[in-house]
Amino acid sequence: KTMEKEINVGIIGYGMSTVVFNAPLIINTPGLHLYAIVQRSSPPPNLSSEVEPKGKYCAIDYMGKGVKQYTTSDDLLKDSKVDLVVICTSNTSHFSLSKSALEHGKHVLVEKPITTTTEEADILIALAKQQNKLLTVFHNRRWDSDFMTVKSLLHSGVLGNLTEVTSQYDRYRPELKKAAWREKNIPGSGVLFDLGTHLIDQVVVAFGLPDWLSSVVQNWRSIGDDDVDDGFVLQFGYQKNEAKAREIPMMVTMKCSSLSCLERQLRWQVRGVHGVFTKYEMDTQEEALKINGNEAPKQPSFGEEPTSSHGVLSSFDSSSGLFRAEKIPSKKGSYLSLYENVTKVIQGWEGGGGGRMEELEVKPQQARDVIRLIELCYQSHAEGRRIFIDSSSLQRPL
């Protein structure tokens, strides 16, 4: 038996994460009800949606739609009608807000990164288990069109044994973004915690934990605070391992640059002994959500890529002695799948099943391991050396 009533969702924070991503996805997920939003600021009297741009005040954006506004997180957490708390605040508050929500008996979905330290993530995982509540993370880019296409190719075996994988998240942003906390010298700032969490999570999902890593993480633009990174090059090494069906060594390189002055950015290059898959340009869901907001997920084309963005599979035809190139249609991206999975797990939880953790797609331990790998990447850069990954190095530092 599953819980028949809708799951009431309370969101903490009303910035881009809520406005562009989480609110539209929650609204369009059957079984979820956007019940309340925490935003400290309220609109001035007599301000209307006709003159105020969307995304500034939740009280205006959701006027007449039955969504409560709380001005403090404490008020939201004290509301017994809230089942699931979605935390969309700056990275430094992820731990304290998630901890408080779990202590109030709420299920929790927190924006990535789960926390800014491994120690904090371990505390949350233990607390969620103690409270018998769901804890998961908004690693939505597992459902990017490009990543789903790469996974499909890996599963098909068409590339053969892999030799090298490159995953890039580049952009051209030569100046600092005004008033952006991610470019201030505070815990969890910089692009490794911002975009690197996505790339590392995808790589670990696809290939598992590496045997070693090496990294360069720094401020290439040399503007703002030198200690706030705006780019990185990470290398994850995978040794030959017959037990893991890895017949030859493989290396994965993850790169991010804020100074990539290209109209079409490389996203993936996956090299195998029988073929190479090359993919340019990003998934389209974020842009669709920015343009069409809550209506975007309702559109049949949501998550589809134009043919011009499809990747190319290059291979060698031994019979003709010629190389050939073939367009590979992109899989349809599906950010809604994350919330559909969370809904199913919570319904099983409340139905008396004790929570079917094996059904949870984004497990908190996975998100925790991403943070530990980020810590090790910073350590690798600081010490200028390769770090080997084992059960000891994956534990949090004492």
Side-chain angles (χ1 to χ4, degrees), residues 15-26 28-29 86-88 91 94 109-115 136-155 165-171 182 188 190-208 232 234 236 252-258 260 265-270 277 279-290 296-297 302-305 309 311 330-342 360-371 373-374 377:
M16 176 182 172
S17 174
T18 295
V19 175
V20 174
F21 291 102
N22 286 276
L25 297 176
I26 290 166
N28 286 282
T29 301
V86 175
I87 296 166
C88 300
N91 295 351
H94 286 185
L109 185 153
V110 58
E111 250 290 7
K112 60 80 194 166
I114 181 172
T115 53
T136 189
V137 182
F138 191 64
H139 274 300
N140 61 306
R141 294 202 176 273
R142 292 190 187 186
W143 289 271
D144 271 2
S145 174
D146 51 77
F147 182 56
M148 295 175 72
T149 305
V150 167
K151 285 200 304 178
S152 176
L153 283 171
L154 297 178
H155 182 73
V165 176
T166 300
S167 173
Q168 297 185 195
Y169 200 141
D170 293 334
R171 55 194 179 180
R182 287 185 177 86
V191 297
L192 183 53
F193 265 106
D194 182 18
L195 306 179
T197 51
H198 287 309
L199 300 189
I200 293 173
D201 180 67
Q202 290 177 340
V203 165
V204 173
V205 166
F207 307 112
F232 56 76
L234 317 178
F236 282 13
V252 177
T253 301
M254 288 160 278
K255 300 172 67 176
C256 176
S257 172
S258 298
S260 182
Q265 305 284 2
L266 178 66
R267 181 63 188 87
W268 289 93
Q269 188 167 83
V270 185
F277 177 69
K279 172 75 173 68
Y280 287 84
E281 299 182 344
M282 294 292 298
D283 178 272
T284 60
Q285 292 173 91
E286 178 177 346
E287 192 62 27
L289 287 164
K290 286 179 177 178
F302 184 63
E304 292 182 353
E305 286 195 337
S309 295
S330 296
K331 297 292 182 181
K332 188 175 183 178
S334 179
Y335 290 168
L336 283 172
S337 293
L338 187 153
Y339 270 109
E340 289 167 355
N341 174 253
V342 168
L360 183 62
E361 291 285 349
V362 183
K363 296 175 177 60
Q365 182 67 35
Q366 295 171 326
R368 175 262 187 216
D369 287 345
V370 169
I371 302 306
L373 290 170
I374 286 176
C377 285

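Worth saying up front: this structure is predicted, and the values here are computed from it rather than measured. Residue numbers count from 1 along this sequence.
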Value rounded to 0.5 Å, distance of OG1 in T166 from NZ in K279: 15.0 Å
Distance, nearest 0.5 Å, that separates CD of E361 from CD of Q366: 8.5 Å
Taking side chain as C-beta onward, heavy atoms only, is Q168 less than 4.5 Å from C256? no
Please tell me if the side chains of F302 and T284 come closer than 4.5 Å, counting only heavy atoms from C-beta onward. no
Please examine the side chains of V86 and Y339, heavy atoms only from C-beta on, and report whether any two atoms are closer than 4.5 Å. yes
Is the closest basic N to carboxylate O distance between K112 and D194 below 4.0 Å? yes
Just how far is it from atom OG1 of T149 to atom CH2 of W268, taken to the nearest 0.5 Å? 10.5 Å
Between CE on residue M282 and OH on residue Y169, distance to nearest 0.5 Å: 4.0 Å
Ion pair present between R267 and D146, side-chain N to carboxylate O less than 4.0 angstrom? yes
With rounding to the nearest 0.5 Å, note down the distance linking CG in L192 to CZ in F232. 5.5 Å
Is the shortest side-chain heavy-atom distance between V165 and F236 below 4.5 Å? no
Salt-bridge criterion met for D201 and R141 (N-O under 4.0 Å): no
As an exercise, state the distance from CD of Q269 to OH of Y280, rounded to the nearest 0.5 Å. 7.5 Å
Under a 3.5 Å cutoff, is there a donor and acceptor pairing between the side chains of N22 and S17? yes
Looking only at side chains, do S334 and S337 share a donor and an acceptor under 3.5 Å apart? yes
Could you tell me if the side chain of D170 sits less than 4.5 Å from the side chain of L266, heavy atoms only? no
